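A quick write-up on the structure given underneath.
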Amino acid sequence: IITDVSHKIERELKESIGISSIQVQKLTPGITSSSIDISGDYQHGRSLEYVFGTVAHAQSTNDWSHTFTISNTSPSATIETGNDLTVDTVLTSSGMLVESSEISIELNAVLKASFAFKGNVPISSATAAAAVTSSLITFPHSLCTVSVNGVAATECQNASISIKKTIVRSGGTTSNSYQQGHA
């Protein structure tokens, strides 16, 4: 359940200054950078594939198990942001890689997750994919256990796990956009 999405698009400006001048003579647009931050109530381990890499998912009755294999090449996501209106302008960003993520729990709250993606410049269109509202449960604090070295921390008020990566993006000299990212 996403409660907050922030889509940020920035463009560098390059200053040109002649050898015999102390003032800027020309501003030229540089590379354009796109990032998307998503946060909300945690519902399913599938979102962690973009953090770790390969994940095996197995369902037993109503419970799921997610086994992670840390990968040198994380999968990229295609993220569409819009207002879910009949007539809408949507931004579709492909090649998005997770730069940082956090899973957190607080007393008397539900398990939260946040992801910061970096990637290619979005493409604008008037056609949106159908919005999908998840029916999976959220996890209130009473269903979460915090353990340290295998021992449950019985009076833990809050806990979080943060994972950060370095995302390097590359592009060609003929484009103002990044062509691909590397985790």
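Note: hydrogens, waters and symmetry copies are ignored here, and every other heavy atom, side chains too, is used. No experiment lies behind these values; they were computed from the predicted model shown.
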So does [X] have more than 12 non-hydrogen atoms from other groups sitting under 6.0 Å from [atom1]?
{"X": "Ile123", "atom1": "CD1", "answer": "no"}
{"X": "Gln23", "atom1": "CD", "answer": "no"}
{"X": "Ile161", "atom1": "CD1", "answer": "no"}
{"X": "Leu13", "atom1": "CG", "answer": "yes"}
{"X": "Glu102", "atom1": "CD", "answer": "yes"}

Quick one: [atom1] on [X] to [atom2] on [Y], what's the gap to the nearest 0.5 Å?
{"X": "Lys112", "Y": "Ser39", "atom1": "NZ", "atom2": "OG", "result": "8.0 Å"}
{"X": "Met96", "Y": "Ser76", "atom1": "CE", "atom2": "OG", "result": "10.0 Å"}
{"X": "Ser93", "Y": "Lys118", "atom1": "OG", "atom2": "NZ", "result": "13.5 Å"}
{"X": "Cys156", "Y": "Glu106", "atom1": "SG", "atom2": "CD", "result": "10.5 Å"}
{"X": "Glu12", "Y": "Leu27", "atom1": "CD", "atom2": "CG", "result": "12.5 Å"}
{"X": "Ser34", "Y": "Ile9", "atom1": "OG", "atom2": "CD1", "result": "5.0 Å"}

Taking every non-hydrogen atom, the tightest pair across [X] and [Y]:
{"X": "Ile17", "Y": "Gln25", "answer": "C-OE1, 3.9 Å"}
{"X": "Asn120", "Y": "Gly95", "answer": "ND2-CA, 4.1 Å"}
{"X": "Ser104", "Y": "Leu111", "answer": "O-CD1, 3.4 Å"}
{"X": "Pro75", "Y": "Tyr50", "answer": "O-CD2, 3.6 Å"}
{"X": "Leu91", "Y": "Pro122", "answer": "CB-CB, 3.9 Å"}
{"X": "Ile137", "Y": "Gln43", "answer": "O-CG, 3.6 Å"}

Query raised in the report: Taking atom types as modelled, is there a side-chain donor on Glu10 or Ser33 under 3.5 Å from an acceptor on the other?
Result: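 No, no side-chain donor-acceptor contact under 3.5 Å.
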
Query raised in the report: Phe115 and Leu48: side chain to side chain contact (heavy atoms under 4.5 Å, CB included), yes or no, with the steps?
Result: CA-CA 9 Å; Phe115 303 92; Leu48 294 175; 4.1 Å; yes

Determine whether [X] and [Y] fall in the same hydrophobic cluster, where Ile, Leu, Val, Met, Phe, Trp and Tyr are linked whenever their side-chain heavy atoms lie under 4.5 Å apart.
{"X": "Ile163", "Y": "Ile38", "result": "yes"}
{"X": "Ile36", "Y": "Tyr42", "result": "yes"}
{"X": "Ile103", "Y": "Ile70", "result": "yes"}

Query - Salt bridge Lys165-Glu99, side-chain N to carboxylate O under 4.0 Å - result: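 The answer is no: the pair does not qualify as a salt bridge.
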
Is any side-chain heavy atom of [X] closer than 4.5 Å to a side-chain heavy atom of [Y]?
{"X": "Val151", "Y": "Val148", "value": "no"}
{"X": "Asn158", "Y": "Ile105", "value": "no"}
{"X": "Val146", "Y": "Cys144", "value": "no"}

Query raised in the report: In this structure, which one of Asp37, Ile79, Ile167 forms a side-chain contact (heavy atoms from CB on, under 4.5 Å) with Phe117?
Result: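 Checked Asp37, Ile79, Ile167 against Phe117; only one passes side-chain contact (heavy atoms from CB on, under 4.5 Å): Ile79.
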
Query raised in the report: Counting N and O atoms only, with roles assigned by atom type, does the side chain of His141 sit under 3.5 Å from a partner on the main chain of Asn108, one being a donor and the other an acceptor?
Result: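 Side chain of His141 to backbone of Asn108: a pair is present.
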
